[in-house]
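Just below is one structure, and these are the notes that go with it.
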Amino acid sequence: TRIPSDVMRTIQQLSSLAPLHQPAVIKIIHEVEKLYPNIPHIACFDTVFHQTLPQREQRLPIPEWYHKEGIRRYGFHGLSYQHIADVLPHYMGAGAYGSVMVAHLGNGSSICAMKDLKSQATSMGFSALDGLMMGTRTGSLDPGVILHLVEQKGMDAKSLSNLLYKQSGLLGVSGISQDMRALLESDEESAKEAIELFCYRAACMIGQLTMAAGGLDALVFTGGIGEHAAPVRARIAEWLAWTGLSLYPAANERHATRIHTRDSKIEVLVVPTNEEWMIGHHAVNLLGL
């Protein structure tokens, strides 16, 4: 959508729901409008692709009044998933409309369960902290841990935010790096533990979301890690062997588009994402160019 004053006011009003991201976005919009006042300014929201989530997927088990205030599951990485949904029929034909799990794995990671190329469930929820273990983010965490840190360690909101967003995940577990490439090259046991936990939690989430999608016909890897880390794809596939999924090692190692064996019951693809292109595509369509 274009960003007239009423849209900007709405974005500002939503800042309380995303205090780490919205204020920065608002500042950028204001600055760019000063620099380029005579060109159209367009906002592309990363949550839009997940508007098809059923109510049971959006709702959190909290009192109704909080839900009405907007505290619910939104989902993120929508621009990436939209791009995959748009190009997947090119790779899979009619199979793209089945139960497809898309794993966007990178410094920020999530998984989306698609049916008919629409979002049915996703691992990220109210914030980009939820779901999978990430580069520096925890992913899903027992709320009791937060209460313990507040009550027993005296941590405040700022220090908790720093812990959950910047000091955890691959970096926190390994104590070495948030970069999967560095961890794969390392001989340290902590690096191996971080990789194993990352892969295990991704496989667990795929299993969980398979129910929401009504099955598993295909698994698509995308994102920086998903597209380039063959050992990560291989380990996740090992955890998912119970589904009948079988990788072809040589194809996986060379990052081929199709990396499953002929007898695999699940198709496994590596498809590059392009969120920037998706933003440009939306802008061009909106302006009728």
Side-chain angles (χ1 to χ4, degrees), residues 10-28 45-47 50 53 57-78 80 103-112 121-180 182-183 188-191 193-202 204-205 208-209 223-225:
T10 301
I11 294 174
Q12 290 170 332
Q13 290 167 2
L14 293 172
S15 289
S16 63
L17 298 179
L20 292 180
H21 297 92
Q22 292 294 85
V25 169
I26 291 166
K27 183 177 180 180
I28 290 170
F45 298 90
D46 215 20
T47 55
H50 301 296
L53 291 176
E57 182 67 20
Q58 298 180 30
R59 191 70 159 85
L60 292 169
I62 56 176
E64 177 68 13
W65 55 84
Y66 291 119
H67 178 71
K68 289 181 177 179
E69 289 178 2
I71 302 178
R72 63 175 180 84
R73 303 188 75 255
Y74 291 94
F76 297 91
H77 287 143
S80 173
H104 177 111
L105 306 180
N107 191 49
S109 296
S110 68
I111 296 175
C112 180
T122 189
S123 60
M124 281 183 173
F126 173 71
S127 75
L129 266 180
D130 199 12
L132 303 183
M133 172 182 172
M134 306 177 217
T136 61
R137 288 175 248 171
T138 58
S140 297
L141 186 68
D142 182 347
V145 175
I146 306 299
L147 294 175
H148 173 80
L149 294 174
V150 171
E151 295 170 355
Q152 304 300 322
K153 302 296 183 180
M155 295 183 72
D156 58 16
K158 185 175 181 180
S159 55
L160 277 171
S161 178
N162 193 49
L163 171 68
L164 300 176
Y165 276 98
K166 298 180 180 180
Q167 297 178 341
S168 300
L170 291 172
L171 175 63
V173 176
S174 71
I176 297 171
S177 176
Q178 68 191 66
D179 192 324
M180 181 62 78
L183 298 181
E188 296 291 332
E189 286 302 316
S190 62
E193 181 181 15
I195 296 168
E196 180 74 350
L197 186 57
F198 180 91
C199 295
Y200 174 73
R201 294 192 68 168
C204 285
M205 184 59 69
Q208 177 181 326
L209 296 184
I225 295 174

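Fair warning: this is a prediction, and the values are worked out from it, not measured in the lab.
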Is it true that a side-chain atom of [X] and a backbone atom of [Y] form a donor plus acceptor pair closer than 3.5 Å?
{"X": "Arg59", "Y": "His67", "value": "no"}
{"X": "Arg73", "Y": "Met124", "value": "yes"}
{"X": "Thr136", "Y": "Gly169", "value": "no"}
{"X": "Thr122", "Y": "Ile111", "value": "yes"}
{"X": "Ser174", "Y": "Ser190", "value": "no"}

Minimum heavy-atom distance between [X] and [Y], given as atom pair plus value:
{"X": "Leu183", "Y": "Ala194", "value": "CD1-CB, 4.3 Å"}
{"X": "Leu170", "Y": "Gln178", "value": "CD1-O, 3.6 Å"}
{"X": "Glu69", "Y": "Leu17", "value": "O-CD2, 4.0 Å"}
{"X": "Leu132", "Y": "Ser123", "value": "CG-OG, 4.2 Å"}
{"X": "Arg72", "Y": "Leu60", "value": "CA-CD1, 3.8 Å"}
{"X": "Gly75", "Y": "His50", "value": "C-CD2, 3.4 Å"}

Interatomic spacing from [atom1] in [X] to [atom2] in [Y] - rounded to 0.5 Å:
{"X": "Met134", "Y": "Arg201", "atom1": "CE", "atom2": "CZ", "result": "9.0 Å"}
{"X": "Met205", "Y": "Ser110", "atom1": "CE", "atom2": "OG", "result": "9.5 Å"}
{"X": "Gln167", "Y": "Arg137", "atom1": "CD", "atom2": "CZ", "result": "14.5 Å"}
{"X": "Leu141", "Y": "Ile146", "atom1": "CG", "atom2": "CD1", "result": "5.0 Å"}
{"X": "Leu129", "Y": "Ser161", "atom1": "CG", "atom2": "OG", "result": "7.5 Å"}
{"X": "Phe76", "Y": "Cys112", "atom1": "CZ", "atom2": "SG", "result": "13.0 Å"}

Would you call [X] and [Y] a side-chain contact if the rule is heavy atoms closer than 4.5 Å?
{"X": "Tyr74", "Y": "Leu53", "result": "no"}
{"X": "Ile225", "Y": "Phe198", "result": "yes"}
{"X": "Val173", "Y": "Met133", "result": "yes"}
{"X": "Val145", "Y": "Thr138", "result": "no"}
{"X": "Lys68", "Y": "Trp65", "result": "no"}

Consider only side-chain N and O atoms of Asn162 and Ser159, and report whether a donor and an acceptor are under 3.5 Å apart.
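Side chains of Asn162 and Ser159: no pair found under 3.5 Å.
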Look at the aromatic rings of His104 and His77 and report parallel, tilted or perpendicular, splitting at 30° and 60°.
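Answer is parallel, since the angle falls under 30°.
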